[in-house]
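Sequence lines set the chain letters: A, B, ... in the order given, protein chains first and strands last, and positions in each chain run from 1. Every value quoted in this text rests on a predicted model; they were computed, and no experiment measured them.
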Amino acid sequence: MITAPERTPLARSFFDRPVLEIAPDLLGRVLVRATDDGPIELRLTEVEAYDGANDPGSHSYRGRTDRNAVMFGPPGHTYVYFTYGMWHCLNLVCGPEGKASGVLLRAGEIVVGADLARAHRAASRKDSDLAQGPARLATALSVDRALNGADACSDDGGPFRILTGTPPDRALIRSGPRTGVGGDGAVHPWRYWIADDTTVSPYRAHVPRKRR
DNA sequence: CTCTTGATGCGCT
DNA sequence: GCGCATCAAGAGG
């Protein structure tokens, strides 16, 4: 069978590189989420890099725990965590193995299965809102912790695949501080997005929560 | 459009 | 206990 080049799955070696190379290179790639009701395909428009070794913003900064264990495993797998008491966020583990780095998938454009995504995202009205933000993205794709550690680089019928897609012109790639990351982690411009794309989430600086 | 706030579970110190 | 890689609704401009 003939496979279009943009439909070629990314090899695991794609993720076995320094995370700061991988993160901008993920823009324009297509994440395929196979659900029981059918596929949902997401063109990535916004990501953030987390580098466990030197990065106080990373979940793996203080070493391995039960929660972040998959970040220390082989690249090309998912890392799903639960936050703010009600949301999930989806990351891709990057190599080299042992570095515990990863990329948070922050936003994208639903290119296939918008009806399925909308069913998961009852609050959304506009198509551009469906995956505009990390927890919205995970909700639209029906991702929770049951999918933590899934292999996204095998074609054995698992819940995820990642296709080559059509990366944007390098001139359209922007970078800046990561959303919601404070402290020493705020200095790194490790958020990457596609310029002028309506599915990119609005930037919010880190704000310590007030006591009540 | 922007800004504020409540909702909520749990990992970590 | 504190604080989080957040979202959605509501108020105000």
Side-chain angles (χ1 to χ4, degrees), chain A residues 15 19-20 22-24 26-27 31 42 44-72 77-94 99-110 117-149 152 174-193 196-212:
Chain A
F15 294 97
V19 67
L20 294 182
I22 297 169
L26 276 170
L27 296 174
L31 175 68
L42 181 85
L44 297 172
T45 60
E46 180 188 354
V47 300
E48 282 177 0
Y50 287 85
D51 185 359
N54 339 295
D55 183 4
S58 173
H59 286 177
S60 54
Y61 182 58
R62 293 178 187 83
R64 178 178 179 138
T65 66
D66 285 347
R67 179 209 204 187
N68 64 27
V70 303
M71 287 189 77
F72 290 80
H77 290 242
T78 59
Y79 168 50
V80 179
Y81 66 87
F82 182 71
T83 191
Y84 288 102
M86 51 193 122
W87 308 111
H88 297 275
C89 291
L90 174 61
N91 302 251
L92 295 173
V93 176
C94 295
K99 290 281 288 186
S101 62
V103 175
L104 170 67
L105 307 184
R106 286 198 54 91
E109 174 191 5
I110 305 283
R118 191 178 302 283
H120 302 140
R121 289 265 300 123
S124 175
R125 304 262 180 271
K126 303 185 301 181
D127 281 355
S128 62
D129 287 346
L130 286 173
Q132 189 184 48
R136 293 174 177 184
L137 185 157
T139 303
L141 269 50
S142 190
V143 171
D144 63 22
R145 278 175 294 182
L147 298 178
N148 185 38
R174 300 284 182 272
S175 70
R178 291 172 296 181
T179 304
V181 173
D184 295 336
V187 302
H188 300 121
W190 290 349
R191 173 182 179 242
Y192 301 90
W193 69 94
D196 300 324
D197 192 293
T198 58
T199 64
V200 173
S201 68
Y203 174 73
R204 306 214 189 285
H206 175 75
V207 182
R209 300 284 275 158
K210 282 191 288 192
R211 282 193 31 98
R212 42 152 289 139

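Taking the six-membered ring for Trp and the full ring otherwise, the centers of A/His88 and A/Tyr81 sit at least 6.0 Å from each other.
The main-chain N or O of A/Ser101 is never found under 3.5 Å from a side-chain atom of A/Asp51 such that the two would form a donor-acceptor pair.
Taking the side chain as every heavy atom from C-beta outward, A/Val103 and A/Cys94 approach each other to under 4.5 Å. Side chains of A/Val93 and A/Thr78 form no contact here, defined as non-hydrogen atoms less than 4.5 Å apart. Within the 4.5 Å cutoff, the side chain of A/Val80 has no heavy atoms near those of the A/Asn91 side chain. In this structure, A/Pro177 and A/Arg191 have side chains that are not in contact, with every pair of non-hydrogen atoms separated by 4.5 Å or more.
Atom-to-atom, NE2 of A/His88 to C1' of C/dC7 comes out at 14 Å; the value is rounded to the nearest Å. Separating the CG atom of A/Leu90 from the P atom of C/dT6 is a distance of 14 Å, rounded to the nearest angstrom. Atom OH of A/Tyr61 and atom P of C/dC4 are 15 Å apart (whole Å). Rounded to whole Å, atom C1' of B/dG9 lies 13 Å from atom OH of A/Tyr84. Counting to the nearest Å, the C1' atom of C/dT6 and the CD atom of A/Gln132 are 13 Å from each other. Separating the OH atom of A/Tyr81 from the C1' atom of C/dG3 is a distance of 14 Å, rounded to the nearest angstrom. What separates CG of A/Leu104 from C1' of C/dT6 is a distance of 11 Å, to the nearest Å. Atom pair A/Tyr203:OH and B/dT2:P shows a separation of 15 Å (rounding to whole Å applied).
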Please, what dot-bracket string fits DNA chain C when only Watson-Crick and G-U pairs with both distances under 3.5 Å count, crossing ones use [ ] and pairs to another strand use |? ||||.|||||||.
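Counting only N and O atoms by type, the side chains of A/Thr139 and A/Arg121 include no donor and acceptor under 3.5 Å apart. Using modelled atom types and a 3.5 Å distance limit, the side chains of A/Thr45 and A/Thr199 yield a donor-acceptor pair.
Closest heavy-atom contact between A/Leu141 and A/Leu31: CD2-CD2, 3.6 Å.
When heavy atoms are screened at a 4.0 angstrom cut-off, A/Gly180 is found touching the sugar-phosphate backbone but no base atom.
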Produce the list of close N/O pairs, under 3.5 Å, pairing protein atoms with atoms of nucleotides 10-12 of chain B; give distances to one decimal.
| unit_1 | atom_1 | unit_2 | atom_2 | d |
| --- | --- | --- | --- | --- |
| B/dC12 | OP1 | A/Thr65 | OG1 | 3.0 |

Show each protein N/O and nucleotides 8-11 of chain C N/O combination with a separation under 3.5 Å, one pair to a line.
| unit_1 | atom_1 | unit_2 | atom_2 | d |
| --- | --- | --- | --- | --- |
| C/dA8 | OP1 | A/Arg121 | NH1 | 2.4 |
| C/dA8 | OP2 | A/Arg136 | NE | 2.6 |
| C/dA8 | OP2 | A/Arg136 | NH2 | 2.8 |

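Applying the 6.0 Å contact sphere to CG of A/Asp144 captures more than 12 heavy atoms from other residues, nucleotides or ligands.
With a 6.0 Å cutoff to the six-membered ring centre and a 45° limit on the axis angle, A/Arg178 counts as a cation-pi contact of A/Tyr50.
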